[in-house]
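Notes for the one structure printed next.
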There are 2 protein chains.
Amino acid sequence: MARPTIADIATRAGVSKGAVSFALNGRPGVSDATRERILKIAEQMSWRPHSAARALGASRVDSVGMVIARPARTLGVEPFFAHLLSGVQSGLSAESISLQLLIVEDTAAEIEVYRRWASEHRVDGVILVDLTVKDPRVDALKTLELPAVMIGGRGGKGALPSVWADDRDAMLSIVEYLAALGHRRIAHVAGTPNFQHTQRRIRAVRDAAPRLGLVDAPSLTTDFSDAEGAAITRKLLSQSDRPTAIVYDSDVMAVAGLGVAMEMGVSVPGDLSIVAFDDSILTQLMHPALTALSRDTFDFGRQAAEVLLETIASPIPVINRRTADPVLTVRESTAPPA
Amino acid sequence: MARPTIADIATRAGVSKGAVSFALNGRPGVSDATRERILKIAEQMSWRPHSAARALGASRVDSVGMVIARPARTLGVEPFFAHLLSGVQSGLSAESISLQLLIVEDTAAEIEVYRRWASEHRVDGVILVDLTVKDPRVDALKTLELPAVMIGGRGGKGALPSVWADDRDAMLSIVEYLAALGHRRIAHVAGTPNFQHTQRRIRAVRDAAPRLGLVDAPSLTTDFSDAEGAAITRKLLSQSDRPTAIVYDSDVMAVAGLGVAMEMGVSVPGDLSIVAFDDSILTQLMHPALTALSRDTFDFGRQAAEVLLETIASPIPVINRRTADPVLTVRESTAPPA
DNA sequence: TGCAGGAGCTATACCGGTTTATCAACCCAG
DNA sequence: CTGGGTTGATAAACCGGTATAGCTCCTGCA
């Protein structure tokens with residue numbers, strides 16, 4: 001027998017289909033003895049539920065979705081997503097829920113995917129990344145009544161469930177570290193301005209500046225690409241009163257910045273200190289190795305998966321979970337100013 | 001009405017469920033007039049097929065799977081997978097087939113996933129990557145009768161359908177380029193020895209050596225990690241008759257190797273030429289930028305998707321498709337030997 | 001005029017599970 | 001000894017599609 005069905009098991013056990021279903025799902029309705037017998041037979045026949053049949057009857061598909069709206073070109077280098085992904089999967093695998101992954105060009109396409117997934121019942125819920133300030137996806141998902149979790153977007157009133165890290169505290173720890181080394185001219189090469197975490201980081205720098213006696217602490221936004229990271233760095237280092245330290249919002253931009261400094265003959269960390277707001281092999285491959293803020297991205301993903309599963313099980317209350325605080329890993333790219 | 005079913009459409013159109021199914025699937029059995037009317041109503045009610053229901057009836061789930069068995073740590077930095085993935089998706093999206101992605105620790109776990117997918121009918125087929133020499137997955141998939149396509153593994157007799165690039169020619173083009181510059185001592189820092197493409201590249205170097213008059217052309221295998229790449233480089237550069245050029249099997253290892261050279265005071269490309277067998281932003285971020293072999297990974301993935309869909313549609317004949325040849329992009333890390 | 005054959009539909013079984021209504025057997029209290 | 005409640009099980013409906021047997025016309029041809 002190729003693929004046994006519960007009907008086959010029922011026949012073999014001499015009971016009805018219903019009894020088998022009860023037994024296999026651990027719900028009352030059969031005696032312990034019968035349950036035992038059915039389970040053993042199912043095991044012997046190596047039965048597995050037909051996912052589509054179960055989805056049809058129970059109206060849940062045991063599958064969640066994740067859409068990433070970024071050009072593929074920049075995606076690969078960011079270890080962030082690979083770690084996040086494995087984390088999400090480890091959180092899902094416990095319940096043997098599968099993950100649908102999709103990479104699209106923009107947010108409009110992303111919303112379209114959610115719409116399709118909802119109407120075709122392909123997923124039980126979705127995980128959102130790269131939250132923007134007035135994110136249109138939030139309303140779209142509410143309308144679709146598709147359970148969702150936001151990663152990195154701290155939920156206000158009427159928001160979706162979320163999992164977030166304290167970007168503000170993290171940025172403060174970097175700036176305070178640099179200030180303690182003696183830096184007074186610190187520049188911040190930020191990411192896309194409409195991302196929520198970008199905003200939070202910029203605010204953190206601005207708020208801390210007076211307290212730490214910083215002369216100048218500009219935040220300059222980019223599109224997160226190595227090209228813009230390099231361009232901004234070139235501009236910063238060409239100024240007469242150039243910064244003695246630069247904080248980059250991603251490891252890729254920090255690496256690009258380091259390249260520009262070397263090219264311009266600015267020694268790191270002698271003339272310039274560099275800090276990356278995200279850690280990976282990349283930062284360690286460099287010479288000098290970059291001081292970076294390490295986050296437990298894997299755990300981030302795992303928690304997001306957990307929160308999503310809880311939300312699917314019972315939509316209320318809305319869960320907002322804060323993850324472990326990032327820590328600053330000091331390497332060779334930072335030192336007191338000349 | 002929340003989510004309309006074909007029964008709703010049937011009622012509204014005053015026809016039977018069967019007629020609606022025929023009309024929506026573009027098969028004969030209804031007149032053009034009726035078909036038109038049904039399609040219009042379906043459109044108005046914004047009907048979408050329930051994926052589980054369709055899967056149950058038609059015994060196909062419109063979904064394919066891909067499992068990557070590599071530690072997540074090294075995954076993220078390799079732009080290879082991100083590009084491959086988007087390529088696969090672009091090939092699938094044309095038929096609106098969805099992709100299930102899973103990252104696991106080892107091949108045993110990977111095979112277990114295939115087994116589960118097959119028995120639960122979760123996917124119509126799978127895409128294999130990182131083919132090894134006597135790959136156990138091939139037999140497993142044949143036993144499971146799960147349609148599959150191998151990426152990068154050139155199929156012999158009785159093999160699975162495949163999509164491959166000519167590693168041999170590619171490697172030859174690199175070695176010939178270096179020989180033409182005047183290099184006679186060329187080292188090859190290869191990847192995992194049991195990968196098929198590693199074997200092919202090693203053989204290419206070995207075969208070309210006498211013809212090009214190379215004094216020494218050792219291939220040294222690694223686990224593809226930056227750490228081993230760096231270690232081997234250190235060893236090579238410490239030799240009395242050290243190589244004047246090194247070819248690395250991945251961009252990450254090449255970057256690590258460049259770091260070691262700088263650290264040891266070996267100037268690139270003055271004292272040492274470096275070539276990476278894989279291109280990405282990484283190689284361009286470096287100083288000097290690395291000469292690298294560029295492959296159209298996106299197209300690779302797209303073709304794999306196409307071949308898989310064809311294979312699912314009709315298992316025979318077995319398709320083996322060769323993709324566009326890689327080209328060598330010369331940058332700053334290669335020059336004639338001193 | 002009669003009949004074969006096809007076009008156009010309908011009714012219904014089916015896919016493999018879950019869920020509900022129903023029922024028999026049994027236990028216990030009154 | 002009887003009525004009510006619980007336990008353990010069954011039969012059947014159901015989820016939303018697809019596939020098929022069969023029915024009713026209509027057309028064409030001998």
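Chain identifiers are assigned alphabetically (A, B, ...) following the order of the sequence lines, protein sequences preceding nucleic acid strands; residue numbering begins at 1 within each chain.
- The two residues B:I6 and B:L24 have their closest heavy-atom pair at CG2-CD1, 3.9 Å.
- One finds no side-chain N or O of B:S31 lying less than 4.0 angstrom from the OP1 or OP2 phosphate oxygen of C:dA7.
- Extent of DNA chain D lying under 4.0 Å from chain A heavy atoms, first and last nucleotide in 5' to 3' order, is D:dG8 to D:dG16.
- The pair B:E43-B:K40 does not count as a salt bridge, with every side-chain nitrogen at least 4.0 angstrom from each carboxylate oxygen.
- Each end of the helix from C:dT1-D:dA30 to C:dG30-D:dC1 gets its own axis, taken as the rotation carrying the C1' atoms of four end pairs onto the next four within a five-pair window, and the two axes meet at 60° to the nearest 10 degrees.
- Checked for salt-bridge contact, A:R302 and A:E306 meet the test: a charged N lies under 4.0 Å from a carboxylate O.
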Per-nucleotide protein contact string for nucleotides 14-22 of chain C, where B marks a base within reach and S marks sugar-phosphate only (heavy atoms under 4.0 Å, - for neither): -BBBBBB--
field: CA sep, side-chain torsions, deciding dist, call: A:K142, A:L160, side-chain contact (heavy atoms from CB on, under 4.5 Å)
entry: CA-CA 8 Å; A:K142 279 187 186 164; A:L160 298 170; 4.2 Å; yes
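- The number of heavy-atom neighbours closer than 6.0 Å to CD of A:Q44, taken from other residues, nucleotides and ligands shown, is above 12.
- Between A:T323 and A:Q303, the side chains place no donor N or O within less than 3.5 Å of an acceptor N or O (distance only, hydrogens not considered).
- Residues B:D8 and B:T11 bring no donor and acceptor atom of their side chains to less than 3.5 Å of each other.
- Distance NE2/B:H121 to CZ/A:R54: 14.0 Å, rounded to 0.5 Å.
- Neither side chain, B:T132 nor B:N194, offers a donor N or O lying under 3.5 Å from an acceptor on the other.
- Within the 4.5 Å cutoff, side-chain heavy atoms of A:R37 are placed close to those of A:V15.
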